[in-house]
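First comes the structure, then the notes that go with it.
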Number of protein chains: 2
Amino acid sequence: MEGDGTRPVAARTDGTLGPRVRRIRKDLGMTLAEVSQATGISISAISKIENDQVSPTFANLMRLAEGLDIPLGRLVSIDSEDRSGSARMTVTRAGDAKYRTTQSYDIWALCTNIQHKRMMPMVERVRSRDPDSADGMISHSGEEFVFVLKGAVAVHTEHYEPVRLEEGDSLYMDSQMAHTYTTLSQEDAEILMVWLSPAAQSSSDNTRMVESLLNRKS
Amino acid sequence: MEGDGTRPVAARTDGTLGPRVRRIRKDLGMTLAEVSQATGISISAISKIENDQVSPTFANLMRLAEGLDIPLGRLVSIDSEDRSGSARMTVTRAGDAKYRTTQSYDIWALCTNIQHKRMMPMVERVRSRDPDSADGMISHSGEEFVFVLKGAVAVHTEHYEPVRLEEGDSLYMDSQMAHTYTTLSQEDAEILMVWLSPAAQSSSDNTRMVESLLNRKS
DNA sequence: CTGGCGGTTTTCTGATACGACAAATATACG
DNA sequence: CGTATATTTGTCGTATCAGAAAACCGCCAG
């Protein structure tokens with residue numbers, strides 16, 4: 001092992017983990033010593049991790065996530081807290097939502113122009129009245145929350161009896177369970193839906209997933 | 001292999017990573033050799049990882065995620081799809097939400113009785129009209145989505161000019177940015193808010209966090 | 001200039017993950 | 001049963017990670 005010029009070069013990681021860890025630590029206003037205290041990892045090890053001089057073991061990644069109080073998945077995922085440059089807030093006016101339509105729904109996707117967004121909020125007008133002739137039952141990953149803005153809808157699922165939701169009622173479900181919505185009121189009902197994708201790391205991912213979900217009949 | 005004390009004992013990881021990796025591999029119908037091929041990790045190493053005999057380095061975790069075609073965050077996160085036993089859906093009627101009040105808001109937490117929930121939906125009546133005399137600017141982790149149900153509100157943040165939101169308008173923000181809401185309309189405004197905690201793994205966690213956020217003045 | 005003093009980086013050494021190979025099982029299938 | 005395939009286990013050499021301590025780096029006071 002001739003040390004003839006061979007620098008560490010820090011190629012043992014993707015080169016973003018370290019800076020990400022440092023950023024999180026700084027955001028929490030902690031010193032290396034405090035993180036060491038909180039995680040049980042030595043100061044030097046943390047320093048090397050932050051400088052991408054080592055590829056930490058899974059064990060230490062877990063301890064790090066624990067001590068920094070951040071889910072491990074967030075810690076290691078590439079998306080990072082790097083909000084630099086991108087907007088941290090976006091507003092969508094009542095009429096300005098991004099519109100699209102399917103066989104059974106009119107959909108207005110809200111707040112589409114913010115990056116690194118994990119929830120996908122949208123307003124939907126439910127046009128179908130028959131669970132079978134509709135787009136059909138849809139099953140996808142993640143969780144969804146529904147709040148009835150206007151009218152009344154029925155929620156059809158594979159495991160429960162249909163549920164009637166009136167204005168102001170809300171529902172939260174594991175969206176892996178196949179489901180569909182139909183209007184029960186005279187006028188087409190309107191619901192506010194927020195979908196959370198477990199896998200989604202970026203806004204563009206989410207948007208793509210929504211598109212594919214809406215296009216498949218199932 | 002005499003059990004003369006020194007056995008691996010597999011305490012170098014949390015004990016769930018290995019089985020999880022194996023499960024994913026099996027689901028994909030791949031052999032160790034194929035995964036080795038796809039990831040560049042040796043067969044023996046993968047075997048040891050799957051049996052929790054080693055704590056893989058971050059570098060190998062990345063290669064593994066890449067080769068198994070799964071987001072790294074999903075690969076390492078504990079959460080798992082184990083929804084067995086608990087309810088997969090819950091409904092909250094318009095009048096039945098869990099109520100509480102603070103100096104500036106009346107809050108109805110929605111869908112509180114479902115486990116493993118990551119989004120925290122709530123309806124808030126905004127009573128304050130002065131951003132300074134209110135509960136004060138609040139900064140917390142995560143993201144929040146707001147939809148105005150009734151009236152008009154102003155959103156005050158540390159980085160942006162106050163934004164006026166009318167009925168039907170919506171907003172999405174990185175809630176680490178300090179913020180507060182005030183009513184602009186004659187009648188107290190009502191908003192639907194969905195908060196996503198990055199750390200939250202379970203409903204109870206979320207509820208506790210909401211409580212502490214609401215109680216601190218800051 | 002000099003000497004603390006937090007905070008961080010580097011150095012040094014023991015512990016351990018990794019890769020390659022081989023032998024021992026385990027599993028699947030005819 | 002055999003045979004083929006897949007997986008586990010063990011060994012060895014190397015790469016490299018973790019931790020302790022020393023060195024380093026502003027920064028500030030005297």
Under 3.5 Å, is there any donor-acceptor pair linking the side chain of [X] to the base of [N]?
X       : N      : value
B:Lys48 : D:dG10 : no
A:Ser42 : D:dA18 : no
A:Thr31 : C:dG7  : no

Distance in angstrom units between [X] [atom1] and [N] [atom2], rounded:
X       : N      : atom1 : atom2 : answer
A:Gln37 : D:dG19 : CD    : C1'   : 15 Å
A:Asp52 : C:dT9  : CG    : P     : 12 Å
B:Leu32 : C:dA26 : CG    : P     : 16 Å
A:Leu64 : D:dA18 : CG    : C1'   : 13 Å
A:Arg22 : C:dT8  : CZ    : P     : 7 Å
A:Ile43 : D:dC24 : CD1   : P     : 18 Å
A:Ile49 : C:dT10 : CD1   : P     : 15 Å
B:Glu50 : C:dA26 : CD    : P     : 18 Å

When A:Asn60 and B:Ser47 are each assigned the nearest nucleotide of DNA chain D, the 5'-most assignment goes to B:Ser47

Ranking A:Arg63 and B:Ala33 by the position along DNA chain D of their nearest nucleotide, the one closer to 5' is B:Ala33

Ignoring backbone atoms, establish whether [X] has a side-chain N or O less than 4.0 Å from OP1 or OP2 of [N].
X       : N      : result
A:Gln53 : C:dT10 : yes
B:Arg25 : D:dT7  : yes
B:Thr57 : C:dC18 : yes

Q.
Please determine whether the number of non-hydrogen atoms from other residues, nucleotides or ligands lying under 6.0 Å from atom CD of B:Glu66 exceeds 12.
A. no

Electrostatic pair A:Arg25-A:Glu50, nearest N-O below 4.0 angstrom: yes

Quiz item: Is the shortest distance from a Lys or Arg side-chain nitrogen in B:Glu166 or A:Arg93 to a carboxylate oxygen in the other one below 4.0 Å?
Solution: no

Among D:dT9, C:dT10, C:dG19, the one nearest any side-chain atom of B:Asn51 is D:dT9

Winner on side-chain proximity to B:Ala45, out of C:dG19, D:dT7, D:dG19, is C:dG19

Rounded to the nearest 0.5 angstrom, the OG1-CG distance for B:Thr39 and B:Leu61 is 11.5 Å

Item checked: Parallel, tilted or perpendicular: ring planes of A:Phe145 versus A:Tyr172, cut at 30 and 60 degrees -> tilted

